[in-house]
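For reference, the structure is listed below as structure tokens.
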Amino acid sequence: MWCLLRTAILFATHAVASSTKLNVLLVILDDLRPELASYGHPHIKSPNFDRLATEGLRFERAFTNYAYCAPSRNSFMVGRMPGTSKVFNFINSFRDATIVDRSGLPGTQWTTLPEFFKKEGYWVVGSGKMFHPSLPPDNDNPRSWSINFTDPGGNAGCTCPTAGVTGAPMYCELPENTTCPDVVIAETVVSQLRDWKAQKSGVPFFAGLGIHKPHLPWGAPASFFDAYPPADDLPLATHKLEPIGMPSVAYHHCQWGPFPWASSRGHPVADSIAHEARRGYYAALSFADHLVGEVLDELDAIGETNRTITLLSSDHGWQLGEHNEWCKETVFELSLRIPFLIRDPLSVVKPGSTTRVFAENIDIYRTLAELAGLPAPEAGVDGTSLAPLLRVGESAERAMLLSKPAAFGQHARCLRNATNGYKPIDPFSTADSCSVTPRDQLDWMGYSIRTDDWRYTAWVGWNGSTLQPIWDTINATELYAHQIQTSGPTDQDFDAWENENLAHDPKNAATIQHLHSQLVTHYSAFALPYTNRTRRIK
């Protein structure tokens, strides 16, 4: 079946190979969960995200492979799973001679996604948060880009004047004419597209647009706050407490500077704070949507929309009070789940279609390479090309629903404070310090598999010498049901899922054994041994 599908892809992309290659626009947001109008949430103002959904293919079940900025971006931007890149914090990057991929190639020699297109003759440009700041150094300039890549926004983009002030909220109304970093990023990419049209149109372009919002702090012009009802009229999470039976290792205490996150185990954030926080997040989301729209409008203006593959995703999701969480950094559904949209000029699929094939951020590299009609990437690139869904259609979807039956995510836990002599912490009152903890000092690693019917997570030991999981040392397991009934909730009902851990029910023992075996098999292919034997002594 796959041979036939690949043959069909070759015929479908023949026009790309034999004439003008298609351009590529890769749009990456930060902390964007799929709470969009096009994903069944009409209270959200997201006309430009929804434009891509109505003109392309929307993935109902898309997930990141690590719900944290640097590990996620050091994965999908170079096409290696986090277990291969060994990036679990804000210390390391994939540009490391001591890590190797499945083909034996060291990280210093890996070809990044933009570098791949550059090698294939594309003019490769962009701005914003594509890589994580300084990881790799200087956004991998000049190696990965045709001109100097800039990100004026640092980690968070448009910030608030009161950010860092004790007791100040982490949202604010910015001036309508703000020139904050995300505005500059969008304007930079618009300018690059104009320059391409004027001077470089003899070669195809690859443009990366990295918008920071809706990352905290939720700064946006007042008009984007005004687009929503008063905060008290916005819906809140229905299930505001941790899942029943959740192990403590699964919880992440959200500690965002001065913002008054007063939650603790069994005690959610006050509704008054939660209402305002949701309005701030939604305003920042709509601001990000507007900036993406400016770039999409420029594609229209230069006449390249119908010659450009556009893929939109996020580095991870976000929790807005569900499970008593107000951040990412978990392996719950809402932390890992992301919007994922592809608009392809050569697609045979009806515009506005949806698919339930599992998509993962690790699939971006191979998908864009195949859609662009380029040679296969180097052997160490992980992931599955999703191109057949667009270029072949229904038969490919039926095949991929069987051949890609799951999505995978992981997250480290550091239950000793690296900034305070590695003293134990209470995860319900103190944020763990994995972002600043050396990767050989991690305490646990949570590995999660999402299938049609279940999410199973195993929190296992960590071998700091080899940077690999210790599968026979298990801290805790979680099992959450995801069976969709005809009259029950759908994937879009954020609050309906993962509210009770069923791992301790004896009737689920066979299910757990099967899913655990799948986890071990999958991650054993990526959790390669570390080649540097020098490590710290605990």
Side-chain angles (χ1 to χ4, degrees), residues 28 30-31 63-103 105-115 129-140 143-144 151 154-155 210 252 313-316 328-331 335-336 338 360-365 380-383 408-414 418 432-448 462-469 523 525-532 534-536:
I28 300 295
D30 199 320
D31 293 356
F63 298 87
T64 190
N65 301 104
Y66 203 111
Y68 207 27
C69 305
S72 176
R73 294 167 185 269
N74 272 264
S75 172
F76 68 77
M77 284 293 285
V78 75
R80 271 72 172 185
M81 288 285 282
T84 299
S85 72
K86 307 297 185 190
V87 178
F88 312 115
N89 52 32
F90 287 1
I91 301 171
N92 307 109
S93 85
F94 65 87
R95 287 287 184 226
D96 183 341
T98 66
I99 58 174
V100 297
D101 63 20
R102 291 178 292 121
S103 71
L105 198 66
T108 50
Q109 297 181 33
W110 294 353
T111 300
T112 69
L113 175 59
E115 182 185 4
K129 195 174 180 182
M130 299 298 291
F131 292 110
H132 190 78
S134 300
L135 300 171
D138 193 26
N139 290 295
D140 214 40
R143 178 171 173 172
S144 285
D151 178 11
N155 188 39
H252 178 75
S313 185
S314 177
D315 56 356
H316 41 68
K328 52 246 184 179
E329 297 179 76
T330 73
V331 287
S335 190
L336 292 168
I338 53 176
E360 301 168 87
N361 269 346
I362 195 63
D363 301 329
I364 291 175
Y365 197 135
V381 172
D382 299 322
F408 297 85
Q410 68 181 94
H411 208 95
R413 278 288 176 264
C414 302
D432 83 14
S433 58
C434 274
S435 64
V436 295
T437 298
R439 59 191 175 188
D440 61 357
Q441 301 288 315
L442 309 178
D443 291 318
W444 305 97
M445 187 67 78
Y447 293 95
S448 192
W462 186 247
N463 185 326
S465 295
T466 63
L467 303 185
Q468 290 177 296
Y523 279 106
F526 304 109
L528 305 174
Y530 187 42
T531 61
N532 183 0
T534 302
R535 66 181 297 266
R536 298 168 182 81

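Note that these values count all heavy atoms, side chains included, but never hydrogens, waters or copies made by symmetry. None of the values given here were measured: they were computed from a predicted structure.
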Checklist entry - Parallel, tilted or perpendicular for Tyr523 and Phe408, by the 30°/60° rule? => result perpendicular
Checklist outcome for this item: dist Ser448:OG -> His411:NE2 (nearest 0.5 Å) comes out at 12.0 Å
Checklist entry - Does Thr112 reach the main-chain N or O of Glu115 with its side chain, forming a donor-acceptor pair under 3.5 Å? => result yes
Checklist entry - How far apart are the closest heavy atoms of Arg439 and Asn89, and which atoms are they? => result N-ND2, 3.6 Å
Checklist entry - So Met77 and Asn361, side chain to side chain contact (heavy atoms under 4.5 Å, CB included) or not? Walk me through it. => result CA-CA 9 Å; Met77 284 293 285; Asn361 269 346; over 6 Å; no
Item to check | Side-chain ion pair, Arg95 and Asp138, N-O less than 4.0 Å | outcome: no
Next on the checklist: Strictly distance-based, threshold 3.5 Å: is any side-chain N or O of Arg413 a donor or acceptor partner for the main-chain N or O of Leu442?
Outcome noted: no
Checklist entry - Shortest non-hydrogen contact from Gln410 to Pro82? => result OE1-CB, 3.9 Å
Checklist outcome for this item: CG of Asn92 to OG of Ser85, rounded to nearest 0.5 Å, is 9.0 Å
Checklist entry - Using 30° and 60° as the class limits, which term best fits the ring planes of Trp110 and Phe94: parallel, tilted or perpendicular? => result parallel
Next on the checklist: When you measure from the side chain of Lys86 to the backbone of Leu467, do you find a donor-acceptor pair of N or O atoms at a distance under 3.5 Å?
Outcome noted: yes
Checklist entry - Taking it one step at a time, do Arg80 and Arg102 satisfy side chain to side chain contact (heavy atoms under 4.5 Å, CB included)? => result CA-CA 9 Å; Arg80 271 72 172 185; Arg102 291 178 292 121; over 6 Å; no
Checklist outcome for this item: In terms of heavy-atom contacts, Ile338 and Thr64 come closest through CD1-N, 3.8 Å
Item to check | Tyr66 side chain to Ala412 backbone, donor-acceptor under 3.5 Å | outcome: yes
Checklist entry - Got Val87 and Leu135 here, is their nearest side-chain heavy-atom distance under 4.5 Å? => result no
Checklist outcome for this item: Minimal heavy-atom distance between Arg73 and His132, with the atoms involved, is CD-N, 3.9 Å
Item to check | Passing candidate, side-chain contact (heavy atoms from CB on, under 4.5 Å) with His316, options Ser335, Cys69, Pro71 | outcome: Cys69
Checklist entry - How about Tyr68 and Phe90: are their ring centroids closer than 6.0 Å? => result yes
Checklist entry - Can you tell if the side chain of Ile362 reaches within under 4.5 Å of the side chain of Ser75, non-hydrogen atoms only? => result yes
Item to check | Nearest heavy atoms of Val331 and Leu336, plus distance in Å | outcome: O-CD1, 3.6 Å
Checklist entry - Considering only heavy atoms from C-beta outward, does the side chain of Glu360 approach that of Asp382 to under 4.5 Å? => result no
Checklist entry - Closest heavy-atom contact between Ser103 and Asp101? => result OG-OD1, 2.7 Å
Next on the checklist: Tell me whether Asp315 contacts the main-chain N or O of Asp31 through its side chain, where contact means a donor paired with an acceptor under 3.5 Å.
Outcome noted: yes
Next on the checklist: Counting C-beta onward and ignoring hydrogens, is there a side-chain heavy-atom pair between Pro136 and Phe131 closer than 4.5 Å?
Outcome noted: yes
Next on the checklist: For the CD1 atom of Ile91 and the SG atom of Cys434, what is their distance to the nearest 0.5 Å?
Outcome noted: 10.0 Å
Checklist entry - Do Ser313 and Ile28 pass the side chain to side chain contact (heavy atoms under 4.5 Å, CB included) test, and can you show the C-alpha distance, the side-chain angles, and the key distance before you say yes or no? => result CA-CA 5 Å; Ser313 185; Ile28 300 295; 4.2 Å; yes
Next on the checklist: Using only atom types and a distance under 3.5 Å, with no angle test, would you say the side chain of Asn74 pairs donor to acceptor with the backbone of Ser93?
Outcome noted: no
Item to check | Audit row: Asn65, Met81, side chain to side chain contact (heavy atoms under 4.5 Å, CB included) steps and yes/no | outcome: CA-CA 7 Å; Asn65 301 104; Met81 288 285 282; 3.9 Å; yes
